[in-house]
Every structure is written in C-alpha cells, then in structure tokens.
Number of protein chains: 2
Amino acid sequence: MSVPLYQAKAEMFRMLGHPVRIRVLELLQAGPRPVRDLLAEIDVEPSNLSQQLAVLRRTGVVVSFRDAGLVMYALSTPDVADLLAAGRRILGAVLTDRDGLLAELRAHAPADRTGGNR
Amino acid sequence: MSVPLYQAKAEMFRMLGHPVRIRVLELLQAGPRPVRDLLAEIDVEPSNLSQQLAVLRRTGVVVSFRDAGLVMYALSTPDVADLLAAGRRILGAVLTDRDGLLAELRAHAPADRTGGNR
DNA sequence: TCGCGAGTTGAAGACTTCCGCAATTCGGCA
DNA sequence: TGCCGAATTGCGGAAGTCTTCAACTCGCGA
C-alpha cells in the first residue's frame, strides 16, 4: 500500500535523468510546441527525440495532440518547472557547500578523524 | 562551456532515480544519522546500502563523517527537501491532471483528432 | 597486539537504457 | 487514389546500472 511509493518517486526522477528529456521539458515551459521546433533546437535524430518524447508521455508529464498537421507537445502540469528549478538550485548548492558543510558537521561531533570521505 | 549543463542536470536527477537513495535522502532530512539506523529502516543488504550511499556521496548531496565509532551521513544542502517535495507534488498532479488537461488543450486547437496518445 | 563488529570495496552476471538505421503509419493535398 | 513530409516504431549492438558475494579496511576494547 504505502510501500511502492518510493518506487514511484524513483521512476519519476529516473525519467528526468536524460539531457534530451530535460531540454524538452525546459522548452515546453514556455508553452506547447510542435515536434518540429524541438527537433530544430535540440540537435538529435528524429527517431531519438521521438523515443524520449515517448518516455515523457508514458510517465505522464507531457501530452501530445495534433494541430494544423503538426504534432504538438505540452506539459501536463506546470509543477514541472518547480522540479527543474529545484534541480538547478541543488546543482549550485552542491558545488559550493560540500566541503564547508563537512567541516561544520565535524565541529559538532565529539569524536573525529574521518579519514576524508575519499 | 554552457552546453553540458543539461548533462549535469540529468546526472543529478539520475542519481535520485533509485528507491533506496530516495529513502535515504528522506530519512536524512530529519538530521544526520548513522549507517546503522538507515540499515535498520530500509531493509537492504549492508553492501547494497553502502553502494547507494557511495553514489550519493560521489554526487555530493550527502557527506559522511565518523562519530562515536559509527559512520554518520548528512545532507550537504537542505535544498534536497525542495526537490523531493516537488517530486511528490508532480506525482500527484500527473496522476490527476493528465486527461483533463489533454481535453483542454484540444479545445484550444482548431484542428483535432489525435488518435489518442496511445 | 589480537580479534571483532561496522562499513566499504571489487567484481561478476542479469538486466535495462541508449542510439542510429530501416521500415512503417498517418494526415493532407494534387 | 497516389504521393509526400511528419513523426513514430522495431530492432540490434554498445554502454550503463543493479544486486549479491566475497574480501578487505578501520577503529576500538580486551
């Protein structure tokens, strides 16, 4: 019942774990776009883009429909923006905080001598 | 220079794409914890947990240090919470919005007949 | 110093994901 | 109807990930 929750979350993040898919989502934040546009901006083979779009569709973060002879894609929820924003923030935080934070944590602990976390 | 940004983001999300890793991060949100505790709550082999912890360490979202003879782990930045929260929100949104949103988008488009997005 | 429990590392095997190619489907238009 | 461009699907090989087993390191107390 409440157990496979972590499984679902993991799948959600796993689907974001690909450069092309992230890029697509970022482009779609500005509004619906035809495959044609995505293809022009992303530099990847059509079949590859299609595969990645299929993954996004399967997960449900985007929807597709046809308009004026072209296939359009759109985000299914604006919450995606938050996720990408949070990712960006962490990317920054992680690159700067790491060592300083470690030192701070060490100071609070009575024992010491980590041996360096490799 | 500015190109592999998507690559970095993808890696960040990919590292979250595993149930055990997500669970560890959620547990660490409450504060630093010894490996021993994580092991007690997660139900996974010690060596497996260690591997997942190594992944988290490599990416830089957690740090490890030794305290009172035990190895402790801690988040390297509280921003991780945002990421997990955003994930949770989307998971909910995606499960409810999907079909309704599709219908709405279709209404705005002059042409129609998607053929159902499979 | 020796031995023990805590945690980590290395490696092998099953499994999944990624990519480009060729073939296919689908809608629109002459 | 027949053709054309747009987009998708199926497939095979290369590359990566996950899990488990055994071996190893490290700090601490007897």
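In what follows, chains carry the letters A, B, and so on, assigned in the order in which the sequence lines appear, proteins first and then strands, with residues in each chain numbered from 1. Values below: all heavy atoms of this structure, side chains included; hydrogens, waters and symmetry mates excluded.
Residues B/Asp67 and B/Leu70 fail the side-chain proximity criterion, which asks for heavy atoms closer than 4.5 Å. With contacts defined as side-chain heavy-atom distances shorter than 4.5 Å, the pair A/Leu16/A/Leu25 qualifies. The closest side-chain heavy-atom distance from B/Leu53 to B/Leu49 is below 4.5 Å. Two residues are said to be in side-chain contact when any heavy atoms from C-beta on lie closer than 4.5 Å; A/Leu56 and A/Val24 meet this criterion. Looking only at side-chain heavy atoms (C-beta outward), B/Lys9 and A/Glu26 come within less than 4.5 Å of each other.
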Set out, line by line, the N/O atom pairs under 3.5 Å between protein and nucleotides 13-17 of chain D.
{"from": "D/dT17", "atom 1": "OP1", "to": "B/Arg14", "atom 2": "NH1", "distance (Å)": "3.4"}

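Across C/dT8, D/dT9, C/dG5, the shortest atom-to-atom separation from the side chain of B/Arg36 is found for C/dG5.
The side chain of B/Arg57 places an N or O atom within less than 4.0 Å of a non-bridging phosphate oxygen (OP1 or OP2) of C/dT9. Considering only side-chain N and O atoms, B/Tyr73 lies under 4.0 angstrom from the phosphate OP1 or OP2 of C/dT8.
At whole-Å resolution of the value, CG in B/Leu39 and C1' in C/dG5 are 13 Å apart.
The residue A/Leu70 sits close only to the backbone: its heavy atoms come under 4.0 Å of sugar-phosphate atoms, none of a base.
In this structure, the side chain of B/Arg21 engages the main chain of B/Met15 through a donor-acceptor pair within 3.5 Å.
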Side-chain donor-acceptor pairs under 3.5 Å in residues 35-44 of chain B, sequence neighbours left out?
{"from": "B/Asp37", "atom 1": "OD2", "to": "B/Arg33", "atom 2": "NH1", "distance (Å)": "2.9"}
{"from": "B/Glu41", "atom 1": "OE2", "to": "B/Arg33", "atom 2": "NH2", "distance (Å)": "3.3"}

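Within residues 41-52 of chain A, the residues that place at least one heavy atom under 4.0 Å from DNA chain D are, in residue-number order, A/Pro46, A/Ser47, A/Ser50, A/Gln51.
Here the CG-CZ distance, from B/Leu5 to A/Arg88, works out to 8.5 Å after rounding to the nearest 0.5 Å.
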